[in-house]
Number of protein chains: 2
Amino acid sequence: MPNLKLDAIDRKILAALQRNARLTNVELADEVGLSPSPCLRRVRILEEAGVIGGYHASLNRSELGLGLTVFVGIKVERHHGAAPDAFRDAVRDMPEVIACHLVSGEADFLLQIVVADLAAYEKLLLGTLLNLPGVTDIRSNFAIRTLKETAPLPLGHLPQ
Amino acid sequence: MPNLKLDAIDRKILAALQRNARLTNVELADEVGLSPSPCLRRVRILEEAGVIGGYHASLNRSELGLGLTVFVGIKVERHHGAAPDAFRDAVRDMPEVIACHLVSGEADFLLQIVVADLAAYEKLLLGTLLNLPGVTDIRSNFAIRTLKETAPLPLGHLPQ
DNA sequence: CAATCGCTGTCATATTATGCCAAATCTGAA
DNA sequence: TTCAGATTTGGCATAATATGACAGCGATTG
């Protein structure tokens, strides 16, 4: 559903800000071949159009003592009644859940969870996850090693 | 493996920059209750210590015409020889793969893939994924709806 | 108590962000 | 091709920010 036409310069801007969101506007303008003024104007337009959703620092989990990443597949009762909404709300309110998707396949929901260690995960699993509304099955897959994470979107492979 | 002790102000800084990486240093300093000078110094220290890994713009995928997110579980032959390394390198070079983890459980690797649509995914699956070195099985789970994505890390739940 | 270490706030200066406006470029029609 | 209208750009002036030097404050240690 693209609402905005992006030209080559816009794509350069997006690629640059994906790579480093703290570039100054002067640096960014230089990189994409514009003067600062129109460059900043394009960035503002991209922000207001929602193409740029936000800017976030990416933190080192293990350095912060959050050493365990778990991918959790959850099955819930056939969707009807208030259970699905309740499940959604509960997941939204869990700070340990950093991503949650409704997916096709074996599981209904796929969650990415970040905690300190196995003990913390056990607590979360037994104390919260298993008690979420409508849950019938949970499979936990632990991330053993991360090869890639939050890589930039493939802007070089945009359609059109 | 925390190498650095973080105090309450450091955590506030991290939380703020996770939420909005384009805060000016003046705004950030005000938010965490410091003057700009020591605030900037702390940010630099956090960057150099690797606690802050980078700053990235988060882009709206559907707005960019990248409407399909797929979670792909891949099994590979029992790890030995050059196959694992070759697999890793191949995955690293695929821009459509925005995340890849070695995981426990059914699959060996869990990939997150972003493409324009089903046709693009079919092409990637048949043309590339199935031909990756050592692959014995692939299961594709399509994201139907995203409830949460790239949520901030749970800094309020740090150990210690 | 005195010395030291770490961290803070203040201040001056270099850089940057931002809005305005004229010039340049593009588009479509005659 | 030429021209008018619409869009976008670059330059400039001003306000805001980043950055580094420096002195002061507070905690710790001997």
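It should be emphasised that the depicted structure is a prediction, and the values quoted were computed from it without experimental measurement. Each chain gets a letter, A, B and so on, in the order its sequence line appears, and its residues count up from 1.
Counting only heavy atoms from C-beta on, Pro36(A) has its side chain closest to dT18(C) among dG10(D), dT8(C), dT18(C). When distances are taken from the side chain of Val26(A) to each of dA21(D), dT16(C), dT18(C), the shortest belongs to dT16(C).
One interatomic measurement links the two molecules: CG of Leu28(A) to C1' of dT15(C), which rounds to 16 Å at whole-angstrom precision. With rounding to whole Å, Ile45(B) atom CD1 is found 10 Å from dC7(C) atom C1'. In this structure, Leu23(A) atom CG and dA17(C) atom C1' are separated by 15 Å, rounded to whole Å. With rounding to whole Å, Arg41(A) atom CZ is found 13 Å from dC21(C) atom P. Between the CG atom of Leu40(A) and the C1' atom of dG11(D) there is a distance of 15 Å, rounded to whole Å. dA18(D) atom P lies 7 Å from atom CZ of Arg22(A), rounded to whole Å. What separates CD1 of Ile9(A) from P of dG10(D) is a distance of 8 Å, to the nearest Å. A straight line from CG of Asn25(B) to C1' of dT15(C) spans 14 Å, rounded to a whole angstrom.
Listed for the Asp108(A) side chain is a donor-acceptor partner under 3.5 Å among the backbone atoms of Val76(A). Although no hydrogens or angles enter the test, the distance criterion places no donor-acceptor pair under 3.5 Å between the side chain of His101(A) and the main chain of Thr146(B).
Counting heavy-atom neighbours within 6.0 Å of Arg92(A) CZ, excluding the residue itself, gives a total above 12.
Side-chain atoms of Glu47(B) and Tyr55(B) include a donor-acceptor pair closer than 3.5 Å.
An OP1 or OP2 oxygen of dA17(C) is reached within less than 4.0 angstrom by no side-chain nitrogen or oxygen of Arg44(A). Close to dT8(D), at under 4.0 Å from its OP1 or OP2, lies no side-chain N or O of Arg42(A).
Side-chain atoms of Ser37(B) come within donor-acceptor range of the base of dT10(C), with a qualifying N/O pair under 3.5 Å.
Counting any heavy atom pair closer than 4.0 Å across all strands shown, Thr24(B) reaches sugar-phosphate atoms only and no base atom.
A salt bridge is absent between Lys5(A) and Asp7(A): the closest approach of a Lys/Arg side-chain nitrogen to an acidic carboxylate oxygen does not fall below 4.0 angstrom.
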